[in-house]
A.B. asks: 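Quick one: structure below, then a few questions.
We name chains A, B, ... by the order of the sequence lines, and we start the count at 1 in each one.
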Amino acid sequence: MQENCLFEIMNLMSENKNNLSHWADQMAERIIREKGDKELYTCASGITPSGTVHIGNFREIITVDLVVRALRERGKNVRFIYSWDDYDVFRKVPKNMKDPERLATYLRKPITLVPDTSGTAENYARANEVRVENALPIVGIHPEYIYQADRYRRGYYAEGIRRALEKRDEIRTILNEWRTEPLAEDWYPVSVFSSFTDKDNTTVTGWDGEWCITYHDNDLDKSETIDIRNTPNSKLPWRVDWPMRWAKEGVDFEPGGKDHLTEGGSYDTSKKVVELFGGTAPVSMRYDFIKLKGMGGKISSSGGEVADLYDVLEIYTPEIVRYLFVGTRPNSEFAISFDLDVLKIYEDYDNCERIYFGLIDVKEQRKEKEKRIYELSQVDGSRIPSEPGYQAPFRHLCNLLQIHEMDVDKALSSLDDVTEGQKDRLKARLTCARNWLEKYAPEEFKWSLSMDKEPIDVSDSERKALRDLSSYVAEYLDQMDEKGFSTYIYKAAADNGLENADFFSITYRALIGKEKGPKLAGFIKTVGAEKITSILSKY
RNA sequence: GGGCCGCUAGCUCAGUAGGUAGAGCAACGCCCUUUUAAGGCGUGGGUCAUUGGUUCGAAUCCAAUGCGGCUCACCA
């Protein structure tokens, strides 16, 4: 007996030491502990697609994805559901939508009945959904989608609505615990879209104790009685809808933003209400919001200072997008950077990768942690790369692209030591570097070779120095290293009586039309003799 | 009013299963005559917000306090 107990404790201790460094693993263990050993674990997430689903909303999705992975790696059978609350009401027209005047005429109707003014989908809600559903597989996330408008309108939740009506008083009592204004005695836990106007300016006035409710349309001042099983009008309000679905789907885990996971927030009331539906509350965790940094006020594809997953995927490769979230505690706010920080993020990721492949020595504890972060950052968790990526610094890729007229394929083929296994990843990274240069890089960072430009005005001695440099390049560049060749740059300057500083400046102006540039000798070496001489021969 | 988060180097932040304080940028120095760095190497820099407690040992755990922020008490 005592020995057993000791054994258990030892087990727990080793469990704590092994493979529990990451919060997703800790959460998976907690779910198993609190929910018991189950045939199937259901993990859920969801949102109202009432506007652009931005990168902050994505945090919830990837939080669930990581926990799902951790559970599956423990041999568990897991269902990952994502609920689109597209039967929610259209409250206001977001700034970034087309044809706002037309959209405004649909206010107070369910978003699934609002037209998509961008013309890409069958309705407003669907347009927002499609964008996310197309983007998630890119980062290796594959939930099962649930469309609430469809379910409510088909009567799928009719029993849930009836149950809520039966438990009306209990629900009201629970909600009133935190309300400043108590709900009225004649309040019903149902909202109705008028069958005359589709708008929700209605008041439920009665229930027959079974399937029929009566509501009053406040716009038209008339009443109607509907059967909730076959009339697509009724819906539960959020604080009742959420727990009803927990019970219906048997949700074991669902995270929430801090608006839900605060005292008196919807998680608190829902965990009580769910019992009225015969269920129990899922394990939850709070995630904080995402800030954006360095978008420079540029209009993103979705308009305004909003970034969605596609905007982030433009400048970060899929595994690095995951890495941003995997490596950060969900509990705290962090910023996604579009400015020079991008360079560091890529370096951090490469460093993590080097630790994973044992290329640098770090303490054991750090190593375990970084390895887990690397694994969870991969798009396909079952296919971790067998070799590190090419690991070219982002800055170097930016220079390569600018040498090769921003052509990704040319830049790629200029590197002759890339393995087959590295090619796709490097190409993806080059594409991100190009996007970043075009949209977010500071001006000092950008340049292009003056291949087809007219020569700049120079003095006779400067002309002579550039010519000398050109012939040195033709003659010596290919056989020397960067350091060795740099002496010829100084020679060209000295032989023509020019100050080094002035000559560097002239050379940069001739080559890239700027006063400064990348360290010259290395730059000339990277660009190659052919291109350099073709520019300098004009002098 | 309730709840939560944060306070670590000049700046931005890692580090929170207790065990000698870390990175990047900035600063400073050096880099075979010889850059103005977007390159390399190196150096300096922190009473870990404050106070108290637990401990052999606390940035880390506990309790208070201060400052900053978010959020709920409408709707979702």
Side-chain angles (χ1 to χ4, degrees), chain A residues 12-23 25-26 29 46-48 50 85 87-92 108 111 175-183 191 200 235-242 256-269 286-289 291 293-294 327-335 337 339-341 343-345 347-348 351 362-363 365-366 368-370 393-396 398-399 402 441-442 444-447 482-484 486-494 499-505 507-508 514-523 525-526:
Chain A
L12 273 172
M13 284 173 68
S14 69
E15 197 177 76
N16 277 341
K17 294 241 170 192
N18 295 332
N19 202 20
L20 271 186
S21 60
H22 198 270
W23 54 265
D25 293 308
Q26 291 166 6
E29 294 289 336
I47 197 177
T48 295
S50 60
D85 189 3
Y87 207 40
D88 199 2
V89 62
F90 191 42
R91 286 185 191 76
K92 63 173 187 184
R108 302 317 304 182
I111 51 177
L175 297 187
N176 279 345
E177 281 179 46
W178 284 279
R179 288 179 69 98
T180 36
E181 287 281 318
L183 292 160
S191 63
D200 73 343
K235 176 182 197 287
L236 295 173
W238 165 247
R239 283 183 187 240
V240 185
D241 170 74
W242 203 25
K258 55 187 170 180
D259 46 344
H260 300 306
L261 277 273
T262 190
E263 186 163 305
S266 51
Y267 184 79
D268 268 3
T269 53
R286 179 196 322 237
Y287 58 86
D288 210 308
F289 299 149
K291 288 185 295 190
K293 180 168 177 275
T328 315
R329 293 173 176 281
N331 212 4
S332 56
E333 186 176 277
F334 78 100
S337 295
D339 57 13
L340 282 168
D341 289 356
L343 277 59
K344 182 170 186 286
I345 302 291
E347 274 169 38
D348 287 349
N351 199 48
V362 291
K363 281 187 199 160
Q365 191 175 324
R366 166 109 193 271
E368 287 309 312
K369 189 163 195 167
E370 296 278 344
F394 200 76
R395 170 169 287 162
H396 185 57
C398 288
N399 283 336
Q402 295 184 98
E444 314 89 83
F445 218 89
K446 296 190 235 177
W447 50 266
E482 187 179 323
K483 206 85 176 174
S486 65
T487 59
Y488 286 99
I489 302 174
Y490 302 118
K491 184 166 159 55
E499 290 295 326
N500 286 324
D502 294 336
F503 183 56
F504 275 102
S505 167
T507 310
Y508 285 123
K514 300 185 71 155
E515 291 292 320
K516 296 183 189 181
K519 186 159 180 165
L520 193 53
F523 175 66
K525 185 86 183 160
T526 314

A.B. asks: Using Watson-Crick or G-U wobble geometry with both distances below 3.5 Å, tell me the partner of B:C75, or none.
C.D. replies: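 Partner of B:C75: none.
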A.B. asks: Take atom P in B:A73 and the same atom in B:U12, then report the distance between them in whole Å.
C.D. replies: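 Those two atoms are separated by 33 Å.
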A.B. asks: Of the listed nucleotides (B:A76, B:C70, B:G2), which one gets closest to any side-chain atom of A:K235?
C.D. replies: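 The answer is B:A76.
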A.B. asks: When all nucleic acid strands are considered with a 4.0 Å heavy-atom cut-off, which category describes A:L340: base, sugar-phosphate, or nothing?
C.D. replies: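 No contact.
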A.B. asks: Does a side-chain N or O of A:R286 approach OP1 or OP2 of B:U71 to a distance below 4.0 Å, or not?
C.D. replies: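 Indeed not, no polar side-chain atom of A:R286 lies that close.
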A.B. asks: Select one nucleotide: of B:U36, B:G24, B:A76, the one nearest the side-chain heavy atoms of A:K344.
C.D. replies: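 Per side-chain heavy atoms of A:K344, the pick is B:G24.
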A.B. asks: Could you please name the option among B:U35, B:C13, B:U71 that lies closest to any side-chain atom of A:K291?
C.D. replies: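 Of B:U35, B:C13, B:U71, B:C13 is nearest to the side chain of A:K291.
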A.B. asks: Specify the separation, in whole Å, of atom CG of A:D288 and atom P of B:G3.
C.D. replies: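 It is 18 Å, rounded to the nearest whole Å.
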A.B. asks: Within this structure, what is the CG-CG distance for the pair A:L261 and A:N331, rounded to the nearest 0.5 Å?
C.D. replies: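 If I round to the nearest 0.5 Å, the distance is 9.5 Å.
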A.B. asks: I'd like the C1' distance from B:A38 over to B:G57, given in whole Å.
C.D. replies: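 Comparing C1' positions in B:G57 and B:A38 gives a spacing of 46 Å.
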A.B. asks: Under 3.5 Å for both donor-acceptor distances, Watson-Crick or wobble: does B:A9 have a partner, and if so which one?
C.D. replies: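 Looking at the geometry, B:A9 pairs with no nucleotide.
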A.B. asks: To the nearest Å, give me how far apart CZ (A:R108) and C1' (B:C75) are.
C.D. replies: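 Checked: the CZ to C1' distance equals 8 Å.
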A.B. asks: Considering Watson-Crick and G-U wobble pairs with both distances under 3.5 Å, what does B:C70 pair with?
C.D. replies: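 The base-pairing partner of B:C70, which may sit in any strand shown, is B:G3.
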A.B. asks: Would you say that A:F504 contacts A:T507 through its side chain, given a criterion of any heavy-atom pair below 4.5 Å between the two side chains?
C.D. replies: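 Result no, sub-4.5 Å side-chain heavy-atom pair not found.
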A.B. asks: Quote, to the nearest angstrom, the C1' distance that separates B:A76 from B:C61.
C.D. replies: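 Going atom to atom, C1' in each nucleotide, I get 38 Å.
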A.B. asks: Could you check whether any side-chain N or O of A:T269 sits under 3.5 Å from a backbone N or O of A:S266, counting only pairs where one atom can act as donor and the other as acceptor?
C.D. replies: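 Yes, A:T269 side chain to A:S266 backbone: donor-acceptor pair under 3.5 Å.
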A.B. asks: Look at the side-chain N and O atoms of A:R239 and state whether any lies under 4.0 Å from the OP1 or OP2 oxygen of B:A73.
C.D. replies: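 Yes, such a contact exists.
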A.B. asks: For B:A14 versus B:G22, give the span between their C1' atoms, rounded off to a whole number of Å.
C.D. replies: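 About 7 Å, rounded to a whole number of Å.
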A.B. asks: When we call it a touch if two heavy atoms are under 4.0 Å apart, what does A:T48 touch: a base, just sugar-phosphate, or nothing?
C.D. replies: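 Here A:T48 touches the backbone only, sparing every base.
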A.B. asks: Among B:A76, B:G3, B:U36, find the nucleotide with the atom closest to the side chain of A:T262.
C.D. replies: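 The answer is B:G3, which lies nearest to the side chain.
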A.B. asks: Could you measure the distance from the CZ atom of A:R108 to the NZ atom of A:K92? Nearest 0.5 Å is fine.
C.D. replies: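 That separation rounds to 12.5 Å.
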A.B. asks: For B:C61, give its Watson-Crick or G-U wobble partner with both distances under 3.5 Å, or none.
C.D. replies: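 When the pairing criteria are applied, B:G53 turns out to be the nucleotide that pairs with B:C61.
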A.B. asks: Please answer whether the main-chain N or O of A:L183 pairs with a side-chain N or O of A:N176 as donor and acceptor at a distance below 3.5 Å.
C.D. replies: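 Confirmed, A:N176 side chain pairs with A:L183 backbone.
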A.B. asks: Please state how far atom NZ in A:K258 lies from atom P in B:G3, giving the value in whole angstrom units.
C.D. replies: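 Value for this atom pair: 16 Å.
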A.B. asks: To the nearest Å, how far apart are A:F504 CZ and B:U35 P?
C.D. replies: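 After rounding, the reported distance stands at 7 Å.
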A.B. asks: For the pair made of CG in A:L175 and P in B:A76, what is the distance, rounded to whole Å?
C.D. replies: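 Value for this atom pair: 10 Å.
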A.B. asks: Can you give me the closest heavy-atom contact between A:E263 and A:D268, atom names plus distance?
C.D. replies: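 Looking at all heavy atoms of both residues, the closest pair is CA-OD2, 3.3 Å.
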A.B. asks: A:R395 side chain: which of B:U35, B:G39, B:A76 is closest?
C.D. replies: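 Of the options given, the side chain of A:R395 lies nearest B:G39.
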A.B. asks: On RNA chain B, compare the nucleotides closest to A:K369 and A:N399; which residue's is nearer the 5' end?
C.D. replies: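 It is A:K369 whose nearest nucleotide is closer to the 5' end.
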A.B. asks: Looking at the side chain of A:N331, which of B:U35, B:G3, B:C5 is the nearest nucleotide?
C.D. replies: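 The answer is B:C5, which lies nearest to the side chain.
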A.B. asks: Counting side-chain heavy atoms from C-beta on, which of B:G2, B:C70, B:A76 comes nearest to A:F289?
C.D. replies: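 Of the candidates, B:C70 comes closest.
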A.B. asks: Quick one: on RNA chain B, does A:Q402 or A:L261 contact a more 5' nucleotide (nearest heavy atom)?
C.D. replies: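 Result of the comparison: A:L261.
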A.B. asks: Could you give the NE2-to-P distance, from A:H260 to B:C70, as a whole number of Å?
C.D. replies: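 Whole-Å distance recorded here is 18 Å.
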A.B. asks: Under 4.0 Å, heavy atoms only, any strand: does A:W447 hit a base, just the sugar-phosphate, or nothing?
C.D. replies: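 Result for A:W447 = base.
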A.B. asks: So if I take every side-chain heavy atom of A:R329 and compare against B:A76, B:G15, B:G2, which nucleotide ends up nearest?
C.D. replies: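 Looking only at heavy atoms from C-beta outward on A:R329, the closest nucleotide is B:G15.
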A.B. asks: Between B:G39 and B:A26, how far apart are the P atoms? Round to whole Å, please.
C.D. replies: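 Comparing P positions in B:A26 and B:G39 gives a spacing of 8 Å.
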A.B. asks: Does any nucleotide pair with B:A14 by Watson-Crick or G-U wobble geometry, both distances under 3.5 Å, and what is it?
C.D. replies: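 With both distances under 3.5 Å required, B:A14 matches none.
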A.B. asks: With rounding to whole Å, what would you report as the distance between B:A58 and B:G19 at their C1' atoms?
C.D. replies: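 Nearest-Å result for B:A58 against B:G19 at atom C1': 10 Å.
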A.B. asks: Pairing check on B:C30: which nucleotide meets the Watson-Crick or G-U wobble criteria with it, both distances under 3.5 Å?
C.D. replies: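 Pairing partner, where one exists within any strand: B:G40.
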A.B. asks: Between B:A23 and B:G15, how many Å separate the two P atoms, rounded to a whole number?
C.D. replies: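 My reading of the P atoms in B:A23 and B:G15 gives 15 Å.
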A.B. asks: Once you round it to whole Å, what is the distance between P of B:U34 and CD1 of A:I489?
C.D. replies: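 The answer, rounded to whole Å, is 15 Å.
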A.B. asks: Using a 4.5 Å cut-off on heavy atoms from C-beta on, say whether the side chain of A:F334 contacts that of A:R329.
C.D. replies: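 They are not in side-chain contact.
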A.B. asks: Could you work out the separation of B:G45 and B:G24 based on their C1' atoms and round it to a whole Å?
C.D. replies: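 15 Å, rounded to whole Å.
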A.B. asks: Over 60° means perpendicular and under 30° means parallel, so tell me whether A:H260 and A:W242 are parallel, tilted or perpendicular.
C.D. replies: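 The arrangement is tilted - the two ring planes meet at 30° to 60°.
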A.B. asks: Base, sugar-phosphate, or nothing for A:T487, non-hydrogen atoms under 4.0 angstrom?
C.D. replies: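 Since no nucleic acid heavy atom lies under 4.0 Å of A:T487, the category is nothing.
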A.B. asks: For A:F334 and B:G24, what is the distance between atoms CZ and C1' respectively, to the nearest whole Å?
C.D. replies: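 The answer, rounded to whole Å, is 17 Å.
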A.B. asks: For B:U47, give the paired nucleotide (Watson-Crick: N1-N3 plus N6-O4 or O6-N4; G-U: N1-O2 and O6-N3; both under 3.5 Å), or none.
C.D. replies: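 Answer to the pairing question: none, since B:U47 forms no Watson-Crick or G-U pair.
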A.B. asks: At 4.0 Å (heavy atoms only), tell me whether A:R366 reaches a base, stays on the sugar-phosphate, or touches nothing.
C.D. replies: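 Nothing, no heavy atom under 4.0 Å.
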